[in-house]
K.L.:
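Below you will find the structure I want to go over with you.
Chain identifiers are assigned alphabetically (A, B, ...) following the order of the sequence lines, protein sequences preceding nucleic acid strands; residue numbering begins at 1 within each chain. The model shown is predicted, which means the values in this text are computed figures rather than measured ones. In what follows, every heavy atom counts, from backbone to side chain, and hydrogens, waters and symmetry copies are set aside.
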Amino acid sequence: MTVAEAERDESAGDFVRSIVRDDIAAGRTAEVVTRFPPEPNGYLHIGHAKSIVLNFGVAEEFGGRCHLRFDDTNPVKEETAFIDSIQADVRWLGYDWAEHLHFASDHFDRLYEWAEYLVRQGKAYVDDSSADEIRAMRGTLTEPGTESPFRDRPAAENLDLLRRMRAGEFKEGARVLRARIDMGSGNINLRDPVLYRILRASHPRTGETWCIYPTYDFAHGQSDAIEGVTHSLCTLEFADHRPLYDWLIDNLPVPARPRQYEFARLNLAHTVLSKRRLIRLVEEGHVAGWDDPRMPTLAGLRRRGVPPAAIRDFARRIGVARADNLVDPALLDHCIRDALNDTAERRLAVLRPLKVVIENWPEGRTEMLPARNNPNDPGAGSREIPFGREIWVERDDFMEDPPRKFHRLAPGREVRLRYAYFVTCVGVEKDADGEPVLLRCTYDPETRGGDAPDGRKVRGTVHWVSAAHPAPAEVRLYDHLFSVPEPGANGDFLDDLNPDSLVVLNDCMLEPSLAEPGDAPVQFERQGYFRPDPASRAGRPVFNRVVALRDSWAKIRAKGG
RNA sequence: UGGGGCGUAGCCAAGCGGUAAGGCAACGGGUUUUGAUCCCGUGAUCCCAGGUUCGAUUCCUGGCGCCCCAGCCA
């Protein structure tokens, strides 16, 4: 964590932190212990990042610890591959759980003992009803449920049945263990919730050891208690489960008294974060995979080139509260630019090339011109880039008949070529469609490096690449995956896919230093931050646009300026 | 005539009875060999209506609106 990040944390004052602070002040908590509890059945996304940053952040700020605990209670959905990818993602985000890697399945023995305990106390019973029958007896949101005919089974019979469930005597779905709470409760979670079910599935960690598995409700709070978690932070949809969480803690001989607190999950405009929808995007081929740079997954963000520090910063800036929210992705973009502005080296790259011939430049002559790697950071040093008679400039930097506020190339206008010379456009050649294909310019030899000795100013500076030193590349430009803020608000979310979320440019020209790029994101001056994609091949780099630079000219143009 | 949660500027979000922080966005302006960065400036009476109080975004009452819950998912 950087100093700036630490300072921000120092002043952070969300409701979770104020609860923790109060608990410490009142002596209720000696050491703060939190946990990030993913189910290993999918990839982590930026919504999980909010939870990770919160849990690890709170622990760090208060000198406690944060566990990584997998809630692996449903072997039919969970896979080892996700256990690995999730750990990699959390590490990449910048967090370390030290020796506290836990699994709910580590606690299966103890959980089972506690199930028997509840049975002996008359607080749980084995129900022979089918799933359909249980559903029917649960009642509705407005009507109370009805008690199961098996609800008053003697404890001894329940115990025998539970043991036989565990021993594998019954087929899947034949019986369940239920808590004996209150079928008339307005809170459906208290209408005798299922604690254990029979699942004939091989578990990624325990293999064939078990054929009964605890539900989330029975596993989560008890795992918290076993691990000494003090503050169990989860999202709002679990608020209804808190009475059950507390009931179990109250009725079991657990070694500690964890407390659950809920906060609002992150919603990001112009994207989707639900597991179900993300799966559809991947499986139906709307994106190239879980790590498609347009995906809000950590894998996707990583591949796009988003620095983990930017995600941490974003997670802190959105805050933690209990109100539903829909965060503007412009905030994430800002955090990314903010992180990259300080660190990314600058380079010149032409995305949509337009050839320029400098008519008064001698044929065959090449000059090496110094260029700063980061004008905002003198320590970043400089490099030399070749300049010659033929160069490429950006197609958008030329207009034959420009509006007054256009500060770039146009017939008769003089501009500065970044780090090179002033040039004046003296002619245009166009193709049959009237599209410019070549600009004829003259340069002023007195302006080497970009300053005129006579003090004259030019309004615009444009980037360029020497045509005699080509480093061709493919560049992929990304935009929001969905064209509307709330995909699916009016029908199928797939109807809202943005058809222009990916634009592939095949004829880009990079300055020679980019022919074999490193791994770090760089800024293509005046355009944005870009990072090499794993699809790069020798002699043919592929760059992903991480985020575009702010573009006030685009705004002026959009307003008809 | 179920239970739970939430409503402060376009978007997040502080505020905990004393007269509305901050960030993003937007819009002005300055600096600038990136129309970038950086720097300055501009916006709310707090869902509504009553009430308590010298004073309410903060307390009370009543409305209105939005979200979550009827998996042997998490």
K.L.:
Watson-Crick or G-U wobble partner for B:C59, using a 3.5 Å limit on both distances?
P.N.:
B:G51
K.L.:
Are the ring of A:Tyr216 and the six-membered base ring of B:A74 within the stacking cut-offs of under 5.5 Å and under 30°?
P.N.:
no
K.L.:
For A:Asp240, does its backbone N or O pair with a side-chain atom of A:Asn189 as donor and acceptor, under 3.5 Å?
P.N.:
yes
K.L.:
The side chain of A:Leu236 lies closest to which of these nucleotides: B:G35, B:A70, B:G5?
P.N.:
B:G5
K.L.:
Report the residue (A:Ile198 or A:Arg448) whose heavy-atom-nearest nucleotide on RNA chain B is the more 5′ of the two.
P.N.:
A:Arg448
K.L.:
What integer number of Å spans the P atoms of B:C47 and B:C16?
P.N.:
16 Å
K.L.:
Verify the ring-centre separation between A:Trp464 and A:Phe387: is it less than 6.0 angstrom?
P.N.:
yes
K.L.:
Categorize A:Thr447 for me: base, sugar-phosphate, or nothing, with a 4.0 angstrom heavy-atom threshold over every strand shown.
P.N.:
nothing
K.L.:
Please tell me which of the listed nucleotides, B:A36, B:G23, B:C12, lies nearest to the side chain of A:Val327?
P.N.:
B:C12
K.L.:
For the side chain of A:Asp324, counting heavy atoms from C-beta on, which of B:A36, B:G3, B:C67 is nearest?
P.N.:
B:C67
K.L.:
I want to verify a distance call: between B:C12, B:A14, B:C6, whose nearest atom is closest to the A:Ala321 side chain?
P.N.:
B:A14
K.L.:
Have a look at A:Val462 and say if it touches a base, only the backbone sugar-phosphate, or nothing, with a 4.0 Å heavy-atom cut-off.
P.N.:
nothing
K.L.:
Select base, sugar-phosphate, or nothing to describe what A:His407 touches, counting heavy atoms under 4.0 Å on all strands.
P.N.:
base
K.L.:
Base, sugar-phosphate, or nothing for A:Thr73, non-hydrogen atoms under 4.0 angstrom?
P.N.:
sugar-phosphate
K.L.:
Quick one: label A:Pro243 by what it contacts on the DNA or RNA (base, sugar-phosphate, nothing), any heavy atom closer than 4.0 Å.
P.N.:
nothing
K.L.:
Name the closest nucleotide to the A:Arg550 side chain, picking from B:C73, B:C69, B:A36.
P.N.:
B:A36
K.L.:
Determine which nucleotide pairs with B:C6, using a 3.5 Å limit on both distances of a Watson-Crick or G-U wobble pair.
P.N.:
B:G65
K.L.:
If I take atom NE2 in residue A:His334 and atom P in nucleotide B:U37, what distance separates them, rounded to the nearest angstrom?
P.N.:
8 Å
K.L.:
Starting the side chain at C-beta, find the nucleotide from B:G23, B:A70, B:C68 nearest to A:Leu331.
P.N.:
B:G23
K.L.:
Identify the heavy atoms of A:Asn373 and A:Ser382 that sit nearest to each other, and give their distance.
P.N.:
ND2-N, 3.5 Å
K.L.:
Nearest-nucleotide wise, let me know which of A:Leu326 and A:Ala420 is further upstream toward the 5' end of RNA chain B.
P.N.:
A:Leu326
K.L.:
Select one nucleotide: of B:A25, B:G35, B:G7, the one nearest the side-chain heavy atoms of A:Arg337.
P.N.:
B:A25
K.L.:
Output the rounded distance in Å from CZ (A:Arg21) to P (B:C16).
P.N.:
14 Å
K.L.:
Name the closest nucleotide to the A:Glu39 side chain, picking from B:C73, B:C11, B:C27.
P.N.:
B:C73
K.L.:
Look through every strand shown and name the nucleotide pairing with B:U31 as Watson-Crick or G-U wobble, where both distances are under 3.5 Å.
P.N.:
none
K.L.:
Distance under 6.0 Å and angle within 45° of the ring axis: does A:Arg166 meet both against A:Tyr112?
P.N.:
yes
K.L.:
Can you tell me the pairing partner of B:G71 across any strand shown, Watson-Crick or G-U wobble, with both distances under 3.5 angstrom?
P.N.:
none
K.L.:
Tell me if the centroids of the rings in A:Tyr216 and A:Phe238 come within less than 6.0 Å of each other.
P.N.:
yes
K.L.:
Need one value for A:Asn376: base, sugar-phosphate or nothing, where a base atom within 4.0 Å counts as base even if backbone is also close, heavy atoms only.
P.N.:
base
K.L.:
Please find out if less than 6.0 Å separates the ring center of A:Phe218 from that of A:Tyr196.
P.N.:
yes
K.L.:
Work out how far the C1' atom of B:U45 is from that of B:A56, and round it to whole angstrom.
P.N.:
11 Å
K.L.:
Suppose we call two aromatic rings close when their centres sit under 6.0 Å apart. Are A:Tyr125 and A:Phe150 close by that rule?
P.N.:
no
K.L.:
Can you tell me which nucleotide in B:G35, B:C6, B:A74 comes closest to the side chain of A:Arg322?
P.N.:
B:C6
K.L.:
At under 4.0 Å between heavy atoms, what does A:His241 touch on the DNA or RNA strands: base, sugar-phosphate, or nothing?
P.N.:
base
K.L.:
Which one, B:A74, B:A25, B:G35, comes nearest to the side chain of A:Arg408?
P.N.:
B:G35
